[in-house]
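All heavy atoms count here, side chains included; hydrogens, waters and symmetry mates do not. We name chains A, B, ... by the order of the sequence lines, and we start the count at 1 in each one.
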2 protein chains.
Amino acid sequence: MYSPTVARASTTSDAFNAVAEPRRREILDALAGGEQSVGELAQRLRVAQPVVSKHLRVLRDVNLVARRDQGRRRLYRLNGAALRPIHEWLRRYEESWSQAFDRMELVLQTLESREERQDG
Amino acid sequence: MYSPTVARASTTSDAFNAVAEPRRREILDALAGGEQSVGELAQRLRVAQPVVSKHLRVLRDVNLVARRDQGRRRLYRLNGAALRPIHEWLRRYEESWSQAFDRMELVLQTLESREERQDG
DNA sequence: AGAATACATGCCTATATAGGCACGTGTCAA
DNA sequence: TTGACACGTGCCTATATAGGCATGTATTCT
């Protein structure tokens, strides 16, 4: 017998599901800019704090973000490595749309953008 | 003024959601081996035909697969290009697990820590 | 100590499936 | 023409959220 019904794999089961939710991608994108508190995220994304907390909960369950306490604030930071399974899966199809990668170019661009951030 | 409730973006809205479902990834993986009919897929994945048809419907809606008729059979083929948006989004995080970047990251963190001397 | 602040959760509602089954339609074999 | 096939869908049930609200807890401020 099968499980009678399974609406969908739970979002907490893997990165694929966690990232399927647009709001969560926004959160990750925001955290890509650096560690942030729940309140900061809520303000930036213009959503209620509980909403952010819940999404962060999901992201944390799949290890996409890590938390650090700072007084009464909870600072969340990105753990991009958890996205790797998705990337690995996509690799198989990558050839469908791209000729070649210039990884160094990407690294350099990232390096530049980070320096810009530091300059403020 | 929000939609009172939105369980989740519909799976037909984008590739992210379409791919969040494990069974659908299996289907895509199977199609990576070449064009196949619904029946062949059902047999290979050991699932009922209606199940496959429905997943294919979703995949087709987001343009992840294309269909071709051959007599009474419907041959589906992969359209990997539709996965590109996901890949593009991931690109931003790719550095997180890239070996080449690890060394770069070390340098960056060192630079950052020089000015971030405010954390406990 | 008392109040304010920053979060995490629980509860509740409406929504969006996933999969089981039955069935309608188009196509090919006899 | 009749029957077997190969599919696509509709209907039904149970499940898994997303977001709104209110509340409990821990930490910091006055």
Side-chain angles (χ1 to χ4, degrees), chain A residues 1-28 31 35-62 65-77, chain B residues 1-27 31 35-62 65-77 120:
Chain A
M1 318 304 195
Y2 285 115
S3 311
T5 63
V6 175
R8 175 178 290 186
S10 100
T11 55
T12 63
S13 62
D14 61 47
F16 280 98
N17 276 286
V19 163
E21 166 61 44
R23 197 85 73 182
R24 283 196 284 270
R25 287 202 297 280
E26 286 180 45
I27 290 179
L28 294 179
L31 291 179
E35 209 176 35
Q36 277 173 74
S37 69
V38 177
E40 292 170 330
L41 287 170
Q43 193 170 354
R44 172 171 305 201
L45 304 186
R46 300 173 185 295
V47 281
Q49 170 265 308
V51 170
V52 174
S53 284
K54 287 171 186 172
H55 281 310
L56 285 170
R57 170 66 170 171
V58 171
L59 293 172
R60 205 156 73 97
D61 284 342
V62 297
V65 301
R67 193 171 69 180
R68 180 169 76 84
D69 285 19
Q70 184 194 63
R72 56 188 160 184
R73 303 199 315 154
R74 266 69 185 294
L75 299 179
Y76 285 82
R77 65 173 179 288
Chain B
M1 306 305 188
Y2 283 115
S3 312
T5 63
V6 174
R8 175 178 291 187
S10 101
T11 54
T12 62
S13 62
D14 60 47
F16 279 97
N17 276 286
V19 164
E21 166 63 41
R23 199 84 73 183
R24 282 197 285 267
R25 288 202 295 282
E26 287 181 44
I27 291 178
L31 291 179
E35 210 175 34
Q36 276 172 74
S37 70
V38 177
E40 291 171 329
L41 288 169
Q43 194 170 352
R44 172 171 306 201
L45 305 186
R46 299 172 186 295
V47 282
Q49 168 265 309
V51 170
V52 175
S53 284
K54 286 171 185 173
H55 281 310
L56 284 170
R57 169 65 170 173
V58 171
L59 293 172
R60 206 156 73 96
D61 283 343
V62 298
V65 301
R67 192 172 69 180
R68 180 168 77 84
D69 286 19
Q70 183 195 60
R72 54 188 160 183
R73 304 200 313 155
R74 265 69 185 294
L75 300 179
Y76 283 83
R77 64 173 179 286

So, does His55(B) get its side chain near the phosphate of dT17(C), meaning an N or O under 4.0 Å from OP1 or OP2?
no
Counting only side-chain heavy atoms from C-beta out, which of dA8(C), dA22(C), dC7(D) sits nearest to Pro50(B)?
dA22(C)
With a 4.0 Å limit, can you tell me whether Ser37(A) has a side-chain N or O closer than that to the phosphate oxygens OP1/OP2 of dA6(C)?
no
Counting the atoms with a prime plus P, OP1 and OP2 as sugar-phosphate, which does Arg60(B) contact under 4.0 Å by heavy atoms, base, sugar-phosphate, or nothing?
nothing
How far apart are the closest heavy atoms of Val38(B) and Tyr76(B), and which atoms are they?
CG2-CE1, 3.5 Å
Ignoring hydrogens and angles, answer whether the base of dA8(C) and the side-chain atoms of Gln49(A) contain a donor-acceptor pair closer than 3.5 Å.
yes
Among residues at least two apart in sequence or on other chains, which ones pass side chain to side chain contact (heavy atoms under 4.5 Å, CB included) with Ala18(A)?
Arg24(A), Val58(A), Leu59(A), Val62(A), Leu64(A)
From CD of Gln36(B) over to C1' of dA6(D), roughly how many Å is that when rounded to an integer?
15 Å
Where is the tightest heavy-atom contact between Arg77(B) and Leu31(B), given as atom of each residue plus distance?
C-CD1, 4.3 Å
Can you give me the N/O atom pairs linking the protein to nucleotides 25-30 of chain C at distances under 3.5 Å, or say none if there are none?
none

Please determine if a side-chain N or O atom of Arg57(A) lies less than 4.0 Å away from the OP1 or OP2 oxygen of dC7(C).
no
Just to verify, what does Arg60(B) make a side chain to side chain donor-acceptor pair (under 3.5 Å) with, not counting sequence neighbours?
none
Any Lys/Arg nitrogen of Glu40(B) or Arg73(B) sitting under 4.0 Å from an Asp/Glu carboxylate oxygen of the other?
yes
Side-chain N or O of Tyr76(A) versus OP1/OP2 of dA6(C): is the shortest distance under 4.0 Å?
no
Taking 4.0 Å as the cut-off, does a side-chain nitrogen or oxygen of Arg67(B) come that near to OP1 or OP2 on dG8(D)?
yes
